[in-house]
Amino acid sequence: MSNSVGIVTAQRATFDTPLQFKSGAVLPRYDLVYETYGTLNADRSNAILICHALSGHHHVAGTYADDPKNVGWWDNMIGPGKPIDTDKFFVIGLNNLGGCHGSTGPSSIDPATGKPYGSSFPIVTVDDWVQAQARLADRLGITQFAALIGGSLGGMQAMQWSLTYPERVRHVLAIATAPNLTTENIAFNDVARNAILTDPDFHGGDFYQHGVVPTRGLRLARMLGHITYLSDDAMAGKFGRGLRSGEYKFGYDIEFEVESYLRYQGDKFAAYFDANTYLLMTKALDYFDPARHTEHNLAHAFAPIKANYLVVSFSSDWRFSPDRSREIVKALLHNHRNVSYAEIQSRHGHDSFLMQDEQYFAVMRNYLNNVAKEAA
Amino acid sequence: MNISIVQARPDFAAIAAWIPQGASVLDLGCGDGALLDYLKNTRQVRGYGVEIDDQNILRCIERGVNVIQGNLDEGLSGFENNAFDFVILSQTLQATRHTEALMKEILRVGHEGIVSFPNFGFWKNRMQVLLGNMPVSRELPYQWYDTPNVHLCTLDDFENLCAHQNLHILGRHVISAGKDIQVMPNLRGSVAVYRFKRAD
């Protein structure tokens, strides 16, 4: 396929400088895995960092030579001639600390004990991730990013970059995100966490030593999450009240198509994702709240920001609704920042930000074309 | 390029003439961003547009104009009090549903308002009505059944609304065929541009 970045290779960066977490915990050394696409230009001004959401990772685009079916999670958006154009930009994807795709996380071996970190892995926050990402940027020789781009939890990281390192970010593309989680969102996350925490196979987070995986909890957490990332409309359109066998069986086996789908999604996820990582990710979401130290005044919290912003929301996204994006826009306007806001009509709920949509992609393309002109 | 824009939209030059260098501007119903682009280039304004149409959003972003997608008929709750030096409503007034409420919102958000609209009292419009049809012209290019214009007015009508809302008119340009109209503007002007603020 001509507009794919093609075969990519994951890289690993090891850091020996201890990282102090917001919680006070310290990680003496850690690894970050990442991938890059495109070429860094001579003045290093065309770098874009892609920040991933809850279940994302560093494999953002392209495929692997030994696993051609493993296509990056945002491959529709990133590549030669695509909205995030790798002919123009040097694009970096990484797996965040606490992840389960190669960067140091709860399932990694703690060199101090020779066992997986498990329950001893520190709770990570969006701030902590940004600190770690900045060290990777230093390692790659990038003093200022052309753009930070992220959807959902990734958008929170992109925003945090412009707060922590105002001079290092020219543009933020904050997609389907929010300045903090709503009460309802925290509640959903707590149900998901409880599903994992109460699974007898969880063993307080140290299930690795017991040779088991809290599969039941993890799949329940994923099923719940999955429902909320879609919309009523999208689910009705996809499954309706369709029955697998066409008639009621008067039992508790899978009958409705939607049940089959959810269980499949839950099983698939539980087979590869780490339960501790899931817990950490939801906690990072819950804690993110830049206005917490400005008496809940987001406009004041945003005062340090120098970056230009593109904010994008989706009409059917009820977990990160357009209203939440408008709060971001309003706070940026208060601070006289350049900001554009697009509200995409889409029926796919929160997951819309991962899907191909003509208007969404054109908004991204047009905005990034101008970012590329500055960098050229 | 700027010249051609002004030729195509004579109200742009009239609006720009009132905007000082470096002012902050909110353009409601900013369309493809041409006015904001013009004001950015000629007045170095800090400008933002509000627009509902997807294609126009793309054009604004393409030309590097700040644009916020939204529906004017849902108000300007996304904007703080006195956030802008000028709030502009260019050739959009007649297409708003809650026109009176929007006029109030303009002066909540901006120190001054600038509004341009096609003059329904223009003699050619009156002639068409007199001959028995709804007017169709360069300024009013729609048929009655497909027009977005729901609140057409004359210069007199608009000035009555300003008086009713206790607004102080600071300036007025009336234009026809690219020329300023001084004599009998309500009859001879095809487009009007007003600048106003709160009377208090």
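For clarity, every value in this text was computed on a predicted model and none was experimentally measured. In what follows, chains are A, B, ... by sequence order, proteins preceding strands, each numbered from 1.
- The number of heavy-atom neighbours closer than 6.0 Å to CD of A:E358, taken from other residues, nucleotides and ligands shown, is 12 or below.
- Both the backbone and the side chain of B:I61 come within less than 4.5 Å of a heavy atom of chain A.
- More than 12 heavy atoms of other shown residues, nucleotides or ligands fall within 6.0 angstrom of atom CH2 in A:W318.
- Residue A:D232 places its CG atom among 12 or fewer non-hydrogen atoms of other residues, nucleotides or ligands, all under 6.0 Å distant.
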(request) Dump the intermediate steps for side-chain contact (heavy atoms from CB on, under 4.5 Å) on B:L58 and A:Q359, then the final yes or no. (result) CA-CA 8 Å; B:L58 294 181; A:Q359 176 71 9; 3.5 Å; yes

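- You'll find the side chain of B:R59 reaches within 4.5 Å of the side chain of A:N366, heavy atoms only.
- Interface remark: A:N369 contributes no atoms to any contact with chain B (heavy atom separation under 4.5 Å).
- Here the straight-line distance linking atom CD1 of B:I57 with atom OH of A:Y341 works out to 10.0 Å at 0.5 Å rounding.
- In this structure, the portions of A:V339 lying under 4.5 Å from any heavy atom of chain B include both its backbone and its side chain.
- Note: A:H334 leads A:K373, A:E327, A:H334 in heavy-atom pairs under 4.5 Å with chain B.
- Taking OH from B:Y48 and NE2 from A:H336, the interatomic distance works out to 7.0 Å, rounded to the nearest 0.5 Å.
- The distance from atom CD of A:E343 to atom CD1 of B:I68, rounded to the nearest 0.5 Å, is 12.0 Å.
- For a residue to count as touching a neighbouring chain, one of its non-hydrogen atoms must lie under 4.5 Å from one of that chain's; by this rule B:S24 does not touch chain A.
- Counting heavy-atom neighbours within 6.0 Å of A:M355 CE, excluding the residue itself, gives a total above 12.
- Between B:E62 atom CD and A:R365 atom CZ the span is 11.5 Å, to the nearest 0.5 Å.
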